[in-house]
Amino acid sequence: IVVYGGRHTVTLIPGDGIGPELLNHVREVFRFSCVPVDFEVVHVNSALETDDDMNNAITAIRRNGVALKGNIETKHTLPASVKSRNNVLRTSLDLYANVMHCQSLPGVQTRHKNIDIMIIRENTEGEYSSLEHESVSGVVESLKIITRNNSLRIAEYAFQLARDKGRRRVTAVHKANIMKLGDGLFLQCCKEVASGYPDITFDSMIVDNTTMQLVSKPQQFDVMVMPNLYGNVVSNVCAGLVGGPGLVPGANYGRDYAVFETATRNTGKSIAGRNIANPTALLLASCMMLDHLELNDHATSIRNAVLTTMNETRLHTADIGGQGTTLEVVQSIMRIIQSKGQLTSEF
Amino acid sequence: ESLSTPSNTPETTRGMVQDPTQFDVLVMPNLYGDILSDLCAGLIGGLGVTPSGNIGANGVAIFESVHGTAPDIAGLDLANPTALLLSGVMMLRHMGLHDHAHKIQKACFDTIREKKVLTKDLGGNSKCSEFTADICRRVQDLD
């Protein structure tokens with residue numbers, strides 16, 4: 001964490017689609033609330049095949065320690081050797097834990113209520129190792145990598161987080177009945193770590209059953225830990241359950257760095273530039289970042305304003321059934337911050 | 001225009017949760033199919049009512065329910081036969097016996113819709129044999 005004269009410097013990667021406009025709103029809200037954070041903006045162009053952009057971004061994050069980012073589009077037309085930019089970021093900085101807190105919001109209409117799930121997803125290996133080869137034409141082999149080291153690490157993160165947050169149960173999600181060695185190793189590591197946390201209940205569930213349980217009885221889940229791909233699937237299911245990708249913030253933690261973004265990493269290309277995107281997820285992600293920087297008062301102030309607009313004022317963007325524009329929602333949030341009497345700059 | 005048209009499997013699972021009616025036929029590799037079929041079963045009422053079939057080369061096929069063996073209620077005339085019955089209906093269609101398939105499916109759906117003789121897992125307290133008898137009666141009436 002970089003602090004000079006009481007001000008923090010954070011790397012900002014606008015990304016593609018709705019990222020740039022929503023991050024501008026985050027900056028507006030920060031400026032308005034006199035948050036002592038300066039953003040170092042680094043652009044990453046997803047169309048380029050070279051790695052220079054990404055290397056600059058990674059260097060900047062190494063320097064500042066913290067980043068806030070929009071999603072960078074992964075162009076399927078680029079050669080297979082070009083890894084997804086978002087993936088490169090995660091592995092280069094060893095952001096091994098992807099954390100998503102999925103909570104039902106009172107102001108949002110959903111089929112299921114009272115959901116409060118923390119998803120901890122291993123973020124660096126598994127099915128995202130980008131190791132594929134075509135040894136025979138028309139036959140592709142993909143390597144899914146599971147290591148003892150990374151499995152123990154993520155399990156440890158999950159149990160420690162559960163303990164810190166006063167949560168009672170950790171569920172490991174896997175498919176060890178089929179991937180006996182890979183997911184079997186993952187499960188074994190979770191069990192080992194669990195034995196060091198007797199105060200927390202540990203159980204496990206096969207991934208397909210997990211998705212079925214999530215859509216029928218999501219309230220049964222507390223903290224969930226899992227390898228990369230299942231984490232991606234379960235995160236998306238949970239985001240859908242609480243109202244969609246516009247609502248849920250996500251965080252990527254490593255030993256030395258932290259990167260904050262939306263939980264389901266959508267670029268939202270089709271709605272970019274139309275003032276209809278939901279700013280909630282990125283604003284809440286920026287609050288998670290403020291907590292990480294120990295600027296808790298600012299985090300609480302902005303978070304409360306976002307949730308009040310969502311649950312009490314009920315000013316909603318189209319993705320959750322409302323007719324508000326992005327700007328209207330942001331202005332409502334700023335008005336609420338102002339009304340609480342804290343120091344703000346001009347509206 | 002859909003604000004969140006899915007472009008990959010995880011987004012599809014989210015789309016499935018938010019608005020499953022946007023989907024029609026989905027084709028996918030093994031693991032995703034495993035996950036998505038269970039997810040969709042959860043959306044329509046669970047494995048007790050979900051049929052399935054495995055189709056091979058030359059039309060060889062095995063149709064099956066994908067719920068568990070339920071040893072705790074085996075032999076007690078309590079189980080819900082819907083999943084296996086609808087799998088049988090899929091089999092009849094595969095064999096080209098569409099009239100029979102249609103009749104049995106309609107009778108089964110009507111029995112469930114009426115809610116008078118439901119098995120325990122569907123919220124009733126009828127026996128398996130009573131549920132089945134009701135379906136048979138309806139099939140007879142349809143003839």
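Residue numbering restarts at 1 for every chain, and letters A, B, ... go by the order of the sequence lines.
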Q: What part of A:Lys217 gets within 4.5 angstrom of chain B, counting heavy atoms only: side chain, backbone, both, or neither?
A: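 Neither the backbone nor the side chain of A:Lys217 comes within 4.5 Å of chain B.
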Q: When you look at CG of B:Asp24, are more than 12 heavy atoms from neighbouring residues, nucleotides or ligands closer to it than 6.0 Å?
A: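 Counting other residues, nucleotides and ligands, CG of B:Asp24 stays at 12 neighbours or fewer.
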Q: Tell me which one of A:Thr210, A:Leu229, A:Val237, A:Thr211 satisfies side-chain contact (heavy atoms from CB on, under 4.5 Å) with B:Ile35.
A: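 Output: one option passes, namely A:Thr211.
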Q: Do B:Val17 and A:Leu214 have side chains that approach each other closer than 4.5 Å (heavy atoms only, starting at C-beta)?
A: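 Not touching, per the 4.5 Å side-chain cut-off.
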Q: Report yes if some heavy atom in the side chain of B:Arg14 is under 4.5 Å from a heavy atom in the side chain of A:Leu241; otherwise report no.
A: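 Contact flag for B:Arg14/A:Leu241 side chains = no.
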Q: Do other residues, nucleotides or ligands put more than 12 heavy atoms under 6.0 Å from B:Arg137 CZ?
A: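 It does: B:Arg137 CZ has more than 12 such atoms within range.
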Q: For B:Lys103, does the NZ atom have more than 12 heavy-atom neighbours from other residues, nucleotides or ligands under 6.0 Å away?
A: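 Enclosed.
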Q: Are there more than 12 heavy atoms of other residues, nucleotides or ligands under 6.0 Å from atom NZ of A:Lys113?
A: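 For A:Lys113, atom NZ is crowded (more than 12 foreign heavy atoms under 6.0 Å).
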Q: So for A:Ile206, is it side chain, backbone, both, or neither that comes closer than 4.5 Å to the heavy atoms of chain B?
A: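 Answer is neither: A:Ile206 stays 4.5 Å or more from chain B.
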Q: Can you tell me which portion of B:Leu31 sits under 4.5 Å from chain A's heavy atoms? Options are side chain, backbone, both or neither.
A: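 Only the side chain of B:Leu31 comes within 4.5 Å of chain A.
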Q: Any heavy-atom pair between the side chains of A:Met212 and B:Ser37 that's under 4.5 Å?
A: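 Answer no - side chains too far apart.
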Q: Does atom NZ (A:Lys144) have a neighbourhood of more than 12 heavy atoms from anything else shown, all under 6.0 Å?
A: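 Above 12, so yes.
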Q: Of B:Asp38, B:Leu39, B:Thr13, which is the lone residue that meets side-chain contact (heavy atoms from CB on, under 4.5 Å) with A:Val215?
A: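 Between A:Val215 and the candidates, side-chain contact (heavy atoms from CB on, under 4.5 Å) is satisfied uniquely by B:Leu39.
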Q: Say whether B:Glu11 and A:Asn266, considering side chains only, have a donor N or O and an acceptor N or O under 3.5 Å apart.
A: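 Judged by distance alone, the side chains do pair up.
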Q: Tell me whether the count of non-hydrogen atoms from other residues, nucleotides or ligands lying under 6.0 Å of CG in B:Asp99 goes above 12.
A: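 No, because the 6.0 Å sphere around CG of B:Asp99 holds 12 heavy atoms or fewer from other groups.
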Q: Indicate the atoms forming the closest heavy-atom contact of B:Gly42 with A:Ser216, along with that distance.
A: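 Smallest interatomic distance, heavy atoms only, reads O-CB, 4.3 Å.
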Q: For a quick test of reading the model, state the closest non-hydrogen atom pair linking A:Pro245 to B:Gln18 and the distance between them.
A: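 Looking at all heavy atoms of both residues, the shortest contact is CD-OE1, 3.8 Å.
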Q: Is it true that, when you exclude B:Gln140 itself, more than 12 heavy atoms of the residues, nucleotides or ligands shown sit nearer than 6.0 Å to its CD?
A: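 12 or below, so no.
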Q: CG of B:Leu76: more than 12 outside heavy atoms within 6.0 angstrom?
A: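 Yes - once you tally the heavy atoms of other residues, nucleotides and ligands closer than 6.0 Å, there are more than 12.
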